[in-house]
Chemist: 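My structure is below; once you've seen it, I'll send some questions.
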Amino acid sequence: MNLDVLFFGFAAMVALPLIYMIFTRNIIRSVFAFTISLLGLAAIYVLLNADLMAVVQILIYAGGIVVLLIFGVMLTKRTREAGVFTDHHQVVIGGLVFIGMLVFLVSGILKAGQAEWAGVEFENQIAKVGVLYLTDHLVAFELVAFLLLVALVGAAFLAKKSDH
């Protein structure tokens, strides 16, 4: 299969949900459309042989950030009858900004042309980063893990209900 067809298919997987996000009033559907767009971007990273960026895209953005958005929306105090909707007041301006940015990006891509990748061998980025984390940067890796653990415990402590 031609890589150009795959690229444009995944580009549509990125752009179409974003267009849907502009016009939908349902916030939950908007978050799920955003998730599809992020997964399409991860697929484009795979096509570009940027495996590490694809994994980071899926784990951190499509996994973590979207879950935070969904929990943030679901845990807000709203009545069941009203639902989780938003009132769009700037749909036309948002659409025009989207079209302007799309034209700008497509023109930049067309001006840049295609790079020649023939004969270039790609390294396994994930293995290289993993080895660096567990050898040269082990102390920094453990400090970041400990800091995240402290932040998690602190967030759980602050989130618990007080009796006051």
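Keep in mind that the numbers below use all heavy atoms, side chains included, and drop hydrogens, waters and symmetry copies. Residue numbers count from 1 along this sequence.
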Chemist: About how many Å separate CG of Leu48 and CG of Leu3, when rounded to the nearest 0.5 Å?
Modeler: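 Those atoms lie 9.5 Å apart.
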
Chemist: Looking only at heavy atoms, which two atoms of Ala33 and Pro17 are closest? And how far apart?
Modeler: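 So the minimum-distance heavy-atom pair works out to O-CB, 3.1 Å.
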
Chemist: Other than Leu148, which residues form its hydrophobic cluster under the rule that side-chain heavy atoms must be closer than 4.5 Å?
Modeler: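 Once heavy-atom contacts under 4.5 Å are chained together, Leu148 belongs with Val144.
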
Chemist: Any idea which heavy atoms bring Val46 and Ala54 closest together, and the distance?
Modeler: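 Shortest heavy-atom separation between Val46 and Ala54 comes out as CG2-CB, 3.6 Å.
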
Chemist: Surrounding CZ of Phe32 (heavy atoms of other residues, nucleotides or ligands, distance under 6.0 Å), is the total greater than 12?
Modeler: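 Check fails, neighbour count at 12 or below.
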
Chemist: Indicate, with yes or no, if Met13 and Leu47 share a hydrophobic cluster defined by side-chain heavy-atom contacts under 4.5 Å among Ile, Leu, Val, Met, Phe, Trp and Tyr.
Modeler: yes

Chemist: List, by chain and then residue number, the residues other than Leu147 in its hydrophobic cluster (Ile/Leu/Val/Met/Phe/Trp/Tyr, side-chain heavy atoms under 4.5 Å); write none if there are no others.
Modeler: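 None, because no other hydrophobic side chain comes under 4.5 Å of this residue.
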
Chemist: Excluding sequence neighbours, so at least two apart, what forms ring pair (Phe, Tyr, Trp, His ring centres under 6.0 Å) with Tyr133?
Modeler: Phe141

Chemist: If you compare all heavy atoms of Ile28 against all heavy atoms of Asn26, which two are closest, and at what distance to 0.1 Å?
Modeler: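 Heavy-atom minimum between the residues: N-OD1, 3.0 Å.
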
Chemist: Could you measure the distance from the CE atom of Met53 to the CD1 atom of Ile58? Nearest 0.5 Å is fine.
Modeler: 11.5 Å

Chemist: Tabulate below the donor-acceptor pairs under 3.5 Å that side-chain atoms of residues 34-44 make, not counting sequence neighbours, or state none.
Modeler:
residue	atom	partner	partner atom	Å
Thr35	OG1	Val31	O	3.0
Ser37	OG	Val14	O	3.0

Chemist: Give a yes or no answer on whether the side chain of Thr24 reaches the backbone of Tyr20 with a donor-acceptor pair at less than 3.5 Å.
Modeler: no

Chemist: If we ignore hydrogens and angles and just use 3.5 Å, is the side chain of Ser107 paired with the main-chain N or O of Val103 as donor and acceptor?
Modeler: yes

Chemist: Hydrophobic cluster membership, with links at side-chain heavy-atom distances under 4.5 Å among I/L/V/M/F/W/Y: are Ile27 and Ile65 in one?
Modeler: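 Yes: a chain of side-chain contacts under 4.5 Å links Ile27 to Ile65.
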
Chemist: Which Ile, Leu, Val, Met, Phe, Trp or Tyr residues join Val150 in one cluster when any pair of side-chain heavy atoms under 4.5 Å counts as a link?
Modeler: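 Other cluster members: Phe146.
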
Chemist: For Val97, which fellow cluster members are found when Ile, Leu, Val, Met, Phe, Trp and Tyr are connected by side-chain heavy-atom distances below 4.5 angstrom, either directly or through intermediates?
Modeler: Ile93, Met101

Chemist: Test of understanding: clusters of I, L, V, M, F, W, Y form through side-chain heavy atoms closer than 4.5 Å, transitively. Do Leu59 and Val129 belong to the same one?
Modeler: yes

Chemist: Could you state whether Phe98 and Leu105 fall into the same hydrophobic cluster, counting links through intermediate Ile, Leu, Val, Met, Phe, Trp or Tyr residues with side-chain heavy atoms under 4.5 angstrom apart?
Modeler: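 No.
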
Chemist: Count I, L, V, M, F, W, Y as connected when their side-chain heavy atoms are under 4.5 Å apart, and connections chain through other members. Are Phe23 and Leu16 then in the same cluster?
Modeler: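 In one cluster with Phe23: Leu16, yes.
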
